[in-house]
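Residues: numbered from 1 along the sequence shown.
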Amino acid sequence: MSLSEDLAPAGVLRASINLGNPLLARRDAGTGEVSGVSVDLAGELARELGVPLELAVFDKAAQSVEAVTGQAADIGFFAIDPKRGEGIAFTAPYVLIEGAYLVREDSPLRDNAEVDRPGHRVVVGQGSAYDLFLSRHLKQAEIVRAENSQRVVDDFLAGGQEIAAGVRQQLQADADRVGGVRLLPGRFMVIEQAMGLPKSRPARTAAALADFVERCKASGFVARALARHGIQGASVAP
């Protein structure tokens with residue numbers, strides 16, 4: 001069986017795209033067109049395989065995970081997480097992104113270490129990498145889940161919770177939009193963004209996808225994609 005038959009058994013490469021992380025994919029409000037680093041990588045892989053590209057676009061990371069785990073999509077773009085790894089074989093990361101906390105301007109919180117305290121509520125996008133990470137690591141603070149990552153800051157302001165968590169750049173953009181809030185210094189996690197495919201696919205297929213990612217990093221493809229889409233705050237993984 002050829003690599004294209006392994007990776008795209010339906011004769012078309014079905015790529016699951018998650019709009020929950022605007023650093024990697026976003027939809028143009030006017031045209032509805034979806035673009036970003038993950039879309040570029042999917043297109044390059046389809047070109048190499050010599051098959052058409054079909055995008056399955058989701059607002060939530062959890063939906064994107066479900067599509068690949070259930071083999072409704074051939075590949076996807078995810079933050080590496082052990083829970084997701086139960087059904088998805090990940091490549092090495094292609095991009096590193098910082099996760100940060102946001103609070104109100106008058107909050108007494110000044111440091112990430114102060115977040116995990118009794119009585120603190122942290123708003124996070126349901127099923128996101130931050131949700132999965134904080135669900136494992138927060139022992140005293142309560143997690144409040146927004147419908148998706150784009151709604152985190154608005155829900156945080158409307159609900160009166162103490163902290164919001166997410167991609168640093170998304171939180172900063174929201175802070176500039178709404179005012180009266182600030183980011184805590186530093187980061188609480190580094191998100192390793194990788195490509196993934198159903199774990200049921202042959203080992204040689206996972207190895208080929210991993211090799212594709214390494215070649216895209218080494219050739220400068222990922223760096224050029226980040227620059228082309230004006231992405232700041234994300235770095236090419238080593």
Side-chain angles (χ1 to χ4, degrees), residues 15-29 32 34-39 55-69 73 76-81 83-84 88 90 93-104 112 115 120-138 141-178 181-184 187-196 226 229-234:
S16 178
I17 301 295
N18 166 36
L19 298 179
N21 187 339
L23 270 70
L24 300 179
R26 65 187 70 183
R27 190 191 298 276
D28 185 276
V34 176
S35 63
V37 177
S38 55
V39 178
L55 299 181
V57 183
F58 301 99
D59 291 326
K60 301 179 185 179
Q63 295 170 324
S64 186
V65 169
E66 183 178 345
V68 174
T69 301
F77 300 83
F78 311 102
I80 296 174
D81 184 87
K83 180 66 176 175
R84 294 173 176 174
I88 293 174
F90 293 110
Y94 60 91
V95 162
L96 303 179
I97 301 170
E98 293 185 345
Y101 291 127
L102 176 141
V103 297
R104 289 172 178 76
N112 289 336
V115 168
H120 288 172
R121 296 163 296 172
V122 182
V123 183
V124 66
Q126 185 174 19
S128 67
Y130 322 101
D131 181 7
L132 298 174
F133 179 88
L134 294 174
S135 293
R136 290 193 300 271
H137 289 86
L138 293 184
E142 175 190 352
I143 295 176
V144 178
R145 294 173 175 86
E147 181 181 0
N148 54 51
S149 295
Q150 297 94 320
R151 288 212 50 83
V152 165
V153 171
D154 289 336
D155 284 10
F156 156 78
L157 292 173
Q161 289 88 7
E162 291 73 29
I163 303 124
V167 176
R168 171 175 291 281
Q169 289 72 25
Q170 176 72 61
L171 294 179
Q172 186 60 64
D174 285 335
D176 295 340
R177 173 174 61 87
V178 302
V181 295
R182 58 182 168 83
L183 271 71
L184 294 182
R187 64 197 187 195
F188 68 84
M189 71 178 293
V190 174
I191 301 126
E192 296 182 320
Q193 287 289 152
M195 292 183 71
L226 289 170
H229 295 288
I231 302 304
Q232 298 180 344

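Ser135 is listed as a side-chain neighbour of Ile143, based on a closest heavy-atom distance under 4.5 Å. Residues Leu96 and Ile191 are not in side-chain contact: their nearest non-hydrogen atoms beyond the backbone lie 4.5 Å or more apart. When side chains are defined from C-beta on, Leu24 counts as touching Gln193, because their heavy atoms get closer than 4.5 Å. Contact of the Leu102 side chain with the Leu184 side chain is not registered, since no non-hydrogen atoms from C-beta on lie closer than 4.5 Å. Side chains of Val153 and Val181 form no contact here, defined as non-hydrogen atoms less than 4.5 Å apart. Arg145 is listed as a side-chain neighbour of Asp131, based on a closest heavy-atom distance under 4.5 Å. Using a 4.5 Å heavy-atom threshold, the side chains of Phe90 and Met195 count as separate. The closest side-chain heavy-atom distance from Ile17 to Ser64 is not below 4.5 Å.
Atom CG of Asn148 is separated from atom CG of Asn21 by 12.0 Å, given to the nearest 0.5 angstrom.
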Take Asp174 and Arg177 through the side-chain contact (heavy atoms from CB on, under 4.5 Å) test and state the conclusion after the steps.
CA-CA 5 Å; Asp174 285 335; Arg177 173 174 61 87; 3.2 Å; yes
Residues Tyr130, Val167; criterion side-chain contact (heavy atoms from CB on, under 4.5 Å); working and verdict:
CA-CA 8 Å; Tyr130 322 101; Val167 176; 2.4 Å; yes
Given Val122 and Leu138, is the side-chain contact (heavy atoms from CB on, under 4.5 Å) satisfied, shown in steps?
CA-CA 10 Å; Val122 182; Leu138 293 184; 4.0 Å; yes
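Looking at every heavy atom in both residues, Gly20 comes nearest to Ser149 through O-CB, 3.3 Å. Considering every non-hydrogen atom in both Leu134 and Ala165, the closest pair reads CD1-CB, 3.8 Å. Listed here is the closest heavy atom pair of Leu23 and Ala234: CD2-CB, 3.9 Å.
Atom CD of Gln172 sits in a crowded spot, with more than 12 heavy atoms from other residues, nucleotides or ligands closer than 6.0 Å.
The pair Arg121-Glu142 does not count as a salt bridge, with every side-chain nitrogen at least 4.0 angstrom from each carboxylate oxygen.
Both cation-pi conditions hold for Arg104 and Phe156: the charged atom is under 6.0 angstrom from the six-membered ring centre and inside a 45 degree cone around its axis.
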